[in-house]
Amino acid sequence: MKQDNNSLIHRKRLTIAGACSAESRAQLLEVARGVAATGRVDILRAGVWKPRTKPGSFEGAGDVALEWLAEAKELTGLPTATEVATAAHVEKALKSGVDLLWIGARTTSNPFSVQEIAEALRGTEVPILVKNPTTADAELWIGAVERLAKCGVRNIGLIHRGFAGINLSGYRNAPLWQIALDVRRRLPELPMLCDPSHICGNRTALLDVAQKAADLDYSGLIIESHPHPDEALSDAEQQITPAELGRLLESIVWRRTATDSIVCNDELERLRGTIDRLDEEIFSLLARRMEVSDEIGRLKLRNNLTILQSGRWQEVVTKVLTTTDRLGLGRNCVESILEAIHLESIERQNKIMH
Ligand code: PEP
Ligand code: MN
């Protein structure tokens, strides 16, 4: 995928902050001044057109807010960003000088809308960030990126804002970090920002999530801020004042991804070599386990037995968990590995049977 590496979105530790929604000229200018004063924000965000779950909620101030954004840029010198969901939004935002656009989670979920936006962006240089779709579907997220790339868009980035409808206590949208990491592995040339505000849905967990993103080497953050968060017309629970934002950004520790220390690099290399050898052992053992399982499949076929004998599987799980509890391995990890192994065994035995 051809990407322009000089674009604004490739800045290391890029920080976008500002209001969930542009509510009024006064609110937007106040938040703009506040986030600029932190000295740690690169781009001002504000939702001009807001996709709301229920009708009757505040849907953003609309077109007029583009003038306020332009004024905020003039006032603070910060480039601006807003969400687009239609071709008309793209055209209006570009015409009024918005510097960066993003596609919201609900829009990423709809290929027709993404296609329309992609066509509208053809021939422009504006950077566009694609939020993950609301459902835990990496393909839909990557599909949206591909639609943009096919229209020649060369400044694409990603925003991980968590996934809806998954009941993980403490989060409004479950982070499911593994999905985001998988997408990063598959689209390594695209920067990925984390959106702790929409993942958390509250103020208290913001720092934890932002720190986790920093530790996972995300390229930046997008965080919502409001001069009077309790009075915000959208996402009040998760917004923080610019002063709180400044303190939060100050307390995030961004670690190095590499070091010049020869001692450290030698030790890392040695340990990684050990990991590589262990992985080889683990998967050789797994292959041997599958061969035994195939043998069982053939035995079942000769004796007309069902593939799944649930009592037996429960016995395997109990035995393994007794061992792994003793070894101090986390149950979530062991259970997902066992499930994957079980599914593969069943699939192989199924092939033998038919
Ligand atoms: C937003 O950034 O304010 C927004 C609507 O986010 P999402 O699309 O992630 O819900
Ligand atoms: Mn919001």
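Remember, it's 1-based here, ligands and their atoms both numbered in the order they're listed. We number each residue from 1, following the sequence as shown.
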As a test of reading the model: which residues have a non-hydrogen atom less than 4.0 Å away from ligand 1? C20, R45, K50, E83, W102, G104, A105, R106, K131, R161, H198, E224
Check the surroundings of atom [atom1] in [X]: do more than 12 heavy atoms from other residues, nucleotides or ligands lie under 6.0 Å from it?
X	atom1	answer
D260	CG	no
N332	CG	no
E335	CD	yes

Are [X] and [Y] ion-paired here, with the side-chain N under 4.0 Å from a carboxylate O?
X	Y	result
D63	K95	no
R33	E30	no
R172	D235	yes

Under 3.5 Å, is there a donor-acceptor pair linking the side chains of H198 and E224? yes
side-chain hydrogen bond (donor to acceptor under 3.5 Å, both in side chains) filter on R25, not counting sequence neighbours, yields E71
So salt bridge (Lys or Arg N to Asp or Glu O under 4.0 Å) across residues 306-318, not counting sequence neighbours, yields R312-E315, E315-K319
Environment of the Mn ion (ligand 2) in terms of protein N/O/S atoms, cut-off under 2.8 Å: C20 SG, H198 NE2, E224 OE2, D235 OD2
